[in-house]
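Before any comments, here is the structure.
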Amino acid sequence: QAEIPASDGSDIFSYPQYEQLCAAAGDSARLALFDSPNRVEARAPGDATYEEVVQQLVSPNAFEVLGVPPALGTLFSRAEDHYPGPRAAVVLSYAYWQRRFGGNPAILGRALRINTLPYFVLGIVREGFAGTEPGKFVDVWIPVTTTDPGILIHDARLFHIIGRLAPGSGREQLTARLQPAFHHYQEIRSSQGGLPAAVQKQMRETNLVAHSGANGAGGFRAIFSRPLWILFGVSACVLLIACANVASLILARST
């Protein structure tokens with residue numbers, strides 16, 4: 001898999017930009033879209049009150065690209081891959097299915113209300129899969145095509161992109177194919193909204209880089225990797241000092 005962040009450290013894209021990158025990728029990779037998980041209110045069949053769950057919006061091909069099979073039922077398909085009129089379906093995580101519904105297969109096909117809107121339960125993902133962002137555990141997935149149509153046409157940069165490389169294709173090859181489309185989109189964005197010249201120049205000079213997506217997508221690594229390395233270095237120094245002190249004590253006692 002390949003994660004698609006820009007070289008300026010930004011790894012979020014708009015839906016129109018995602019569509020252009022998909023077209024540019026051609027047969028070298030299949031790209032899928034994911035937003036950052038967020039908390040919503042859900043009400044199960046027969047319940048009178050709502051409970052808080054973690055939701056993630058995805059492109060309908062997301063599970064296919066990730067290679068995640070269903071544990072029960074089916075996952076999203078082309079029936080959710082168009083607008084208007086996509087199928088209002090939801091997929092549940094295995095952990096949420098067990099925790100909330102006791103693993104009852106009768107939940108398939110029943111309506112689950114999420115933020116007051118009805119979605120019918122299409123399937124359950126395989127056990128152990130909890131999402132694409134490290135440290136965030138998703139309960140329900142909804143196709144992005146069933147949300148506010150404004151997200152699909154405006155430059156709302158909300159989404160991460162993960163792709164699966166085709167056999168014989170590498171990340172460098174994919175980057176080369178995506179770069180012209182990315183630069184074209186950046187040119188259009190930089191010319192709109194009366195941005196300062198320095199910002200426009202930075203946007204035009206930003207390149208796209210495809211990194212390994214084996215560890216998931218999102219800003220978790222970018223936010224915490226540097227502080228963790230610093231903490232690791234400080235801990236190593238403290239341990240080294242402690243070892244030196246112990247060695248000095250042992251040497252003094254033996255003397």
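- Looking only at side-chain heavy atoms (C-beta outward), Ile114 and Val140 come within less than 4.5 Å of each other.
- Taking Glu127 as the reference, nothing meets the salt bridge (Lys or Arg N to Asp or Glu O under 4.0 Å) condition, with sequence neighbours excluded.
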For residues 237-249, which side-chain N or O atoms pair as donor and acceptor with protein atoms under 3.5 Å away, sequence neighbours left out?
from	atom 1	to	atom 2	distance (Å)
Asn245	ND2	Ile241	O	3.4
Ser248	OG	Ala244	O	2.9

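- When the ring-ring contact (aromatic ring centres under 6.0 Å, His included) test is applied to Trp141, the partners found at least two apart in sequence or on another chain are Phe63, Phe129.
- Aromatic pair Phe182/Tyr185: ring centres not closer than 6.0 Å.
- Between Arg157 and Asp11 there is no salt bridge, since no side-chain nitrogen of the basic residue lies less than 4.0 Å from a carboxylate oxygen of the acidic one.
- Taken from CD in Gln17 to CD in Gln186, the straight-line distance is 6.0 Å, to the nearest 0.5 Å.
- A donor-acceptor contact closer than 3.5 angstrom is absent between the side chains of His154 and Ser14.
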message: Quick one, Val90 with Leu122, criterion side-chain contact (heavy atoms from CB on, under 4.5 Å). Give me CA distance, side-chain angles, the key distance, then yes/no.
response: CA-CA 6 Å; Val90 61; Leu122 183 64; over 6 Å; no
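- Looking at Val138 and Ser93, their side chains never come closer than 4.5 Å, going by heavy atoms from C-beta outward.
- Side-chain atoms of Thr116 and Tyr50 form no donor-acceptor pair, as typed in the model, at a separation below 3.5 Å.
- Checked by atom type, the side-chain pair His183/Asn207 shows a donor-acceptor distance below 3.5 Å.
- Tested against Leu33, the residues Ser59, Pro143, Pro60 include a single side chain to side chain contact (heavy atoms under 4.5 Å, CB included) partner, Ser59.
- With respect to Glu41 and Arg113, no salt bridge is recorded, no charged nitrogen being found less than 4.0 Å from a carboxylate O.
- With Asp139 as reference, Arg99 is the one residue of Arg99, Glu51, Gln55 to meet the side chain to side chain contact (heavy atoms under 4.5 Å, CB included) rule.
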